[in-house]
Amino acid sequence: MYAAFCCSLLLGSHCNWKIPLDTPAWHLLAALLCVKCKHFNSTKNCLTQSGYCVARRDQKCLLWTVTSDDFLSYGAQTCWTHCVNKYIIRGSVRSEHKCCNSSSLCNQF
């Protein structure tokens, strides 16, 4: 019950039980929370491992997308170590890493 209360205070309607329950509450209050989705599809629906992660000191939130002919194909969201904004273009396919640490959940659509 305490975990549910803390979760709803931190994330409101975004509350999700995938935050590790052994994470100390004081750590979450000062931490950068990121959306976590191992794989989402072209309609931005998370297909595997959805939830949230707590970024460590050397991490930022990452939104990774792959587009083809300017249409979203797939991507991922997570906490990422030494995250750097970058994009790679090969023909009509573009892979882009958007890193952020401005606020919690900054890597959501």
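Note that these values count all heavy atoms, side chains included, but never hydrogens, waters or copies made by symmetry.
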(request) Calculate, to the nearest 0.5 Å, the distance between atoms OG and NZ belonging to Ser50 and Lys38 respectively. (result) 13.0 Å
(request) Please state whether the rings of Tyr74 and His39 are parallel, tilted or perpendicular, taking 30° and 60° as the class boundaries. (result) tilted
(request) Find the distance between SG (Cys53) and CD (Gln77) and round it off to the nearest 0.5 Å. (result) 9.5 Å
(request) Could you tell me whether the SG atom of Cys61 lies less than 2.5 angstrom from the SG atom of Cys99? (result) no
(request) First locate atom CG of Leu32, then atom OG of Ser103, and finally report the distance between them rounded to the nearest 0.5 Å. (result) 8.0 Å
(request) Tell me whether Leu62 is reachable from Tyr87 by hopping between hydrophobic residues (I, L, V, M, F, W, Y) whose side-chain heavy atoms are closer than 4.5 Å. (result) no
(message) Check Cys79 against Cys34 for me: are their SG atoms closer than 2.5 Å?
(response) no
(message) Hydrophobic cluster membership, with links at side-chain heavy-atom distances under 4.5 Å among I/L/V/M/F/W/Y: are Phe40 and Val66 in one?
(response) no
(message) So, taking the atom named CD in Glu96 and the one named CD1 in Ile88, what distance separates them when rounded to the nearest 0.5 Å?
(response) 11.0 Å
(request) Run the numbers on Ser68 and Ser73 for side-chain contact (heavy atoms from CB on, under 4.5 Å), then give the verdict. (result) CA-CA 6 Å; Ser68 180; Ser73 296; 3.7 Å; yes
(request) Report, as yes or no, whether the 6.0 Å neighbourhood of atom CG on Asn45 holds more than 12 heavy atoms from other residues, nucleotides or ligands. (result) yes
(request) With rounding to the nearest 0.5 Å, note down the distance linking SG in Cys37 to CG in Leu47. (result) 6.5 Å
(request) With side-chain contact (heavy atoms from CB on, under 4.5 Å) as the test, would you mind laying out the steps for Trp64 and His97 before giving the verdict? (result) CA-CA 5 Å; Trp64 172 62; His97 284 193; 2.9 Å; yes
(message) Looking at Thr67 and Leu72, would you say the former's side chain and the latter's main chain have a donor-acceptor pair under 3.5 Å?
(response) no
(request) Might you confirm whether atom CH2 of Trp80 has over 12 heavy atoms from other residues, nucleotides or ligands at distances under 6.0 Å? (result) no
(request) Mind checking the CG-OG1 spacing from Asn107 to Thr78? Nearest 0.5 Å is all I need. (result) 8.0 Å
(request) Determine yes or no for a side-chain-to-main-chain donor-acceptor pair under 3.5 angstrom, with Asn41 supplying the side chain and Thr43 the backbone. (result) yes
(request) Using atom types as modelled and distance alone, determine if a side-chain donor or acceptor of Gln108 lies under 3.5 Å from a backbone N or O of Val35. (result) no
(request) Give a yes or no on whether Phe109 atom CZ has more than 12 heavy-atom contacts from other residues, nucleotides or ligands under 6.0 Å away. (result) yes
(message) Applying salt bridge (Lys or Arg N to Asp or Glu O under 4.0 Å) as the test, list every pair that has at least one member in residues 47-62; sequence neighbours left out.
(response) Arg56-Asp58
